[in-house]
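Below, read A as the first sequence line, B as the second, and so on, with proteins coming before strands; counting in each chain starts at 1. Note that these values count all heavy atoms, side chains included, but never hydrogens, waters or copies made by symmetry. The structure presented is a predicted model; accordingly, all values stated were derived computationally and were not measured.
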Amino acid sequence: MARYDPSEIEPRWQAAWEADGTFAATREEGRPKYYVLEMFPYPSGRIHMGHVRNYTMGDVVARYKSSCGFSVLHPMGWDAFGMPAENAAMERGGHPRDWTYGNIADMRAQMKPLGLSIDWSREFATCDPEYYGQQQAMFIDFLEAGLVYRKNATVNWDPVDMTVLANEQVIEGKGWRSGAPVERRELTQWFFKISDFAEELLEALDGLENWPEKVKLMQRNWIGKSRGLQMAFGLVDGPEGFDRVEVYTTRPDTLMGASFIGISPDHPLARALERDTPEVAAFCAECRRMGTSEEELETAEKKGFDTGLKVRHPFDEAWELPVYIANFILMDYGTGAIFGCPAHDQRDLDFARKYGLPVTDTFVALEGGAPVGDVAFVPPKTEKVRWLKAFAWDEVATGEEAVDAAIRFCEENGVGQGVTKFRLRDWGLSRQRYWGCPIPVVHCDACGVVPEKKENLPVELPYDVSFDKPGNPLDRHPTWRDCACPKCGAPAKRETDTMDTFVDSSWYFARFTAPHAATPTDMAEAEYWMNVDQYIGGIEHAILHLLYSRFFARAMQITGHLPEKAREPFDALFTQGMVTHEIYMTRDDKGRPVYHLPEDVEGGKLKATGEPVEIVPSAKMSKSKKNVVDPVSIIESYGADTARWFMLSDSPPERDVEWTAAGAEAAFKHLGRVWRIAQGIVEEMESGGGIAAYESEGEGAATDGGDTLDLRRALHRTIHDVTMGIESFGFNTSVAKLYAFTNVLAKSKAALAARREAAMVMAQLMAPMTPHLAEEIWAMLGGEGLIANAPWPKADPALLVEDTVTLPIQINGKRRSELKVAKDLPKDEVEKLVLADDAVIKALAGGAPKKLIVVPGRIVNVVI
RNA sequence: GCCCGCGUGGUGGAAUUGGUAGACACAGGGGACUUAAAAUCCCUAGGCGAACGCCGUGCCGGUUCGAGUCCGGCCGCGGGCACCA
């Protein structure tokens with residue numbers, strides 16, 4: 001008997017799809033469309049299992065929707081700009097462009113054998129001048145629409161390498177290459193005005209019904225709408241030009257518990273003091289040695305510097321509070337100054353204890369309210385508390401009520417103003433790097449900042465650059481910078497900043513609808529294909545990428561590049577989990593960990609030396625931990641269908657999946673079994689004289705003891721369950737149902753025609769997951785045309801109906817017995833049967849039940 | 001530190017969304033076939049107990065006739081924190 005041989009089957013069917021043009025996305029007015037998109041990959045050079053999982057999920061949806069009659073758009077491209085290309089050029093020589101395009105070629109070659117139903121004719125890379133030229137055109141439109149501006153912002157500066165560092169390049173406050181302490185530095189940078197859309201981006205989240213709640217919640221918190229009080233503390237003998245400190249607070253109700261004023265080291269007052277006081281300058285310099293990330297600020301040890309200045313409390317002229325410069329206060333949020341209320345904020349409390357500042361309780365818990373010790377009392381704002389220092393509300397009130405009353409009181413007494421603020425900051429898009437989309441503007445001495453003329457786009461990156469020196473090669477390029485002013489023609493300088501790579505990925509979904517249009521989008525195409533019906537990607541993009549894309553869709557709509565309906569570009573979002581693997585580790589002579597590839601380990605020992613390895617629990621596959629499995633070698637040994645099947649089985653798509661060699665082996669065995677079952681049916685047909693002879697055999701179903709009917713019932717139940725699984729992103733349950741049906745089919749004694757039909761339908765149900773094997777079985781059993789073009793099977797409702805159900809009988813909530821009854825048996829009939837049940841009679845011991853709960857078709861509970 | 005998730009047998013997980021916990025599979029044990037092995041097929045299988053049983057979904061508590069599912073607190077792990085993509 002022949003064997004299941006994916007290495008022979010898979011290329012054959014891929015060629016057949018190619019020849020048929022099965023996956024070309026065609027715009028057919030009048031036919032419903034479906035746009036499936038997986039977040040496009042960064043071309044690192046090797047695909048990994050995470051890609052296999054991500055793209056397989058998208059492929060299941062794409063193939064399924066196609067079978068359901070939709071015109072499907074399922075494209076692929078490359079998020080090709082970014083730091084790794086420059087790092088590679090610095091570390092190994094070569095050019096970012098060559099490195100990137102080489103990687104794209106490699107990854108495409110690794111991806112094609114997966115048999116994904118992708119329309120490869122739409123492929124592009126964000127580093128293609130054709131793509132980024134259109135991005136530049138849009139940037140100019142955004143600029144003219146007032147959506148872009150310049151302002152100063154802080155960056156991480158490496159004083160040795162003389163270069164700007166990304167947050168991930170700052171390790172424990174030091175530059176990753178130079179090891180030098182990082183400084184904060186101000187640069188003039190380009191910004192998108194995303195904050196103008198804060199309210200709109202927040203409110204529109206409610207309309208995203210098919211987005212995970214957790215993602216919407218994360219975005220809500222990120223946008224961070226708050227209602228608070230903006231007020232001033234009068235400064236006592238402040239330096240020249242400073243008579244007050246403006247603060248913004250969301251807890252004005254705790255004003256009577258104020259203990260100190262904290263200002264950012266970048267606050268104008270701190271800057272002024274810095275000029276005259278060396279101690280202040282030293283402290284601020286120390287603060288500025290921290291990185292710029294919020295995480296670093298928040299986790300660093302809280303430090304303050306007492307400026308010696310005092311402010312007056314607005315409610316009491318005689319009450320003076322000290323002014324501290326504190327390292328954890330952000331100049332970017334609010335006013336860059338806070339008042340500290342230690343009793344009701346843990347950070348303020350830690351600070352107060354450290355510097356011996358007073359801690360005043362303004363409210364306590366209703367019951368057993370004790371004064372604050374080492375833990376601040378921070379109940380939910382909706383909880384009622386007892387106020388010790390209320391100044392405009394009842395003794396017992398919630399935080400919310402108190403805040404409202406405090407704002408009203410302060411406004412009436414001229415102490416401050418109630419304001420709404422957003423945490424969301426404008427999107428800084430400037431990068432001082434080479435490998436990104438050049439910002440298409442020119443700096444002219446006479447005209448200022450002038451956008452490049454659209455006919456001169458793309459402003460292309462020069463190829464002749466070197467990476468032997470740190471910093472941006474565009475800055476030191478001999479000729480590229482020099483140009484003529486687009487307005488007056490005088491000699492001028494090009495902008496050398498390039499765009500954040502998030503810009504590239506904020507509109508690629510729109511570009512896929514017309515990847516080679518001479519404008520950023522083609523409205524007729526966008527009108528047909530938008531929105532993305534199903535977007536699939538990692539949860540790590542829950543905030544930035546998705547929020548930026550939502551902003552871009554709005555900006556593109558305002559500038560005429562997208563239709564109104566694409567304001568929210570992604571109708572449905574699914575966030576898939578990671579692929580994890582155990583980590584194998586030994587230690588070097590200094591006790592430092594040394595990691596080993598799974599392929600070098602066998603039976604807990606290194607293959608080469610026999611040295612035992614420590615097994616570290618599973619984590620996301622990463623090169624540095626070497627817990628990676630190469631999809632290419634998996635495909636070589638088992639075939640793409642096995643890799644796909646395994647990635648879909650067992651773990652729910654939104655959760656992490658652990659790659660195990662045993663699991664892959666099991667998936668392969670199962671596909672072999674399915675193939676053999678089909679082969680067996682073929683052999684029976686051949687020995688019995690061909691398919692035609694069996695066409696009418698199913699009619700005799702009643703004569704075979706019900707086997708044929710049983711098989712058909714199981715089949716239609718499977719059609720129903722598998723379809724539901726795919727529709728609801730429960731691919732693992734679809735796979736489990738297919739396993740179960742395989743067991744039924746393998747044992748079935750049904751008529752041959754019924755078994756043939758069952759095998760063919762099973763192949764159809766498997767086709768979105770294991771498309772090559774499905775085509776092979778379909779062809780073996782005499783199916784017409786490609787299974788990829790066959791319509792999705794429909795479950796016959798008549799075969800799904802079950803006339804009897806088994807009702808579990810619980811006694812006091814524990815299952816004690818069961819009852820087989822007609823499905824629609826009335827409640828009182830069920831009750832009679834329950835009371836006649838042996839176990840119930842025994843438990844009642846002659847008494848009557850306290851309560852009898854009958855949930856029709858589900859369960860019975862007898863309470864005694 | 002802040003925001004958001006997740007936690008079920010030896011393992012991955014299922015559970016009609018408040019209704020029989022452990023579907024389906026992996027690993028294990030037993031058997032068939034084979035000179036033998038591989039491959040394949042069949043049976044078994046949460047823990048404890050000899051059995052009618054008792055315990056059991058990270059931990060503690062609550063709501064309910066009934067909780068893996070809802071609520072409160074804790075522990076552990078993961079994602080994000082604005083220049084990684």
Using a 4.0 Å heavy-atom cut-off across all strands, classify A:Pro212 as base, sugar-phosphate, or nothing.
nothing

What is the nucleic acid contact for A:Ser430, judged by heavy atoms within less than 4.0 Å: base, sugar-phosphate only, or nothing?
base

Where do A:Ala376 and A:Leu349 come nearest, in terms of heavy atoms and distance?
N-CD2, 3.4 Å

Which part of the nucleic acid, if any, lies within reach of A:Lys737 when heavy atoms closer than 4.0 Å are counted: base, sugar-phosphate only, or nothing?
nothing

For a side-chain hydrogen bond (donor to acceptor under 3.5 Å, both in side chains) check, start with the C-alpha distance between A:Thr188 and A:Asn152, then their side-chain angles and the critical distance, and finish with the verdict.
CA-CA 4 Å; A:Thr188 303; A:Asn152 279 356; 3.0 Å; yes

Does B:A67 have a Watson-Crick or wobble mate here (both distances under 3.5 Å), and if so which one?
none

When we call it a touch if two heavy atoms are under 4.0 Å apart, what does A:Lys814 touch: a base, just sugar-phosphate, or nothing?
sugar-phosphate

Do the side chains of A:Glu294 and A:Arg423 get close enough for a salt bridge, i.e. N-O under 4.0 angstrom?
yes

Salt-bridged, A:Lys354 to A:Glu301, with N to O below 4.0 Å?
yes

Strictly under 4.0 angstrom, non-hydrogen atoms only: write out the protein contact profile of nucleotides 2-12 of chain B, one letter per nucleotide from the 5' end, B, S or -.
-SSS-S----B

Is any side-chain nitrogen or oxygen of A:Arg673 closer than 4.0 Å to OP1 or OP2 of B:C41?
yes

Checking all strands, does A:His541 fall into the base, sugar-phosphate, or nothing category for heavy-atom contacts under 4.0 angstrom?
base

Taking atom C1' in both B:A67 and B:G56, what distance in whole Å separates the two?
14 Å

When rounded to the nearest Å, what value does the distance between C1' atoms of B:C59 and B:C77 take?
15 Å

Pull up the glycosidic torsion of B:G58 and say syn or anti, syn being anything within 90° of 0.
anti

Decide yes or no, distance alone: a donor-acceptor N/O pair under 3.5 angstrom between the base of B:C83 and the side-chain of A:Gln432.
yes

Given B:U16, is OP1 or OP2 found less than 4.0 Å from the side-chain N or O atoms of A:Arg717?
no

Is A:Asn812 near enough to B:C65 that one of its side-chain N or O atoms lies under 4.0 angstrom from OP1 or OP2?
no

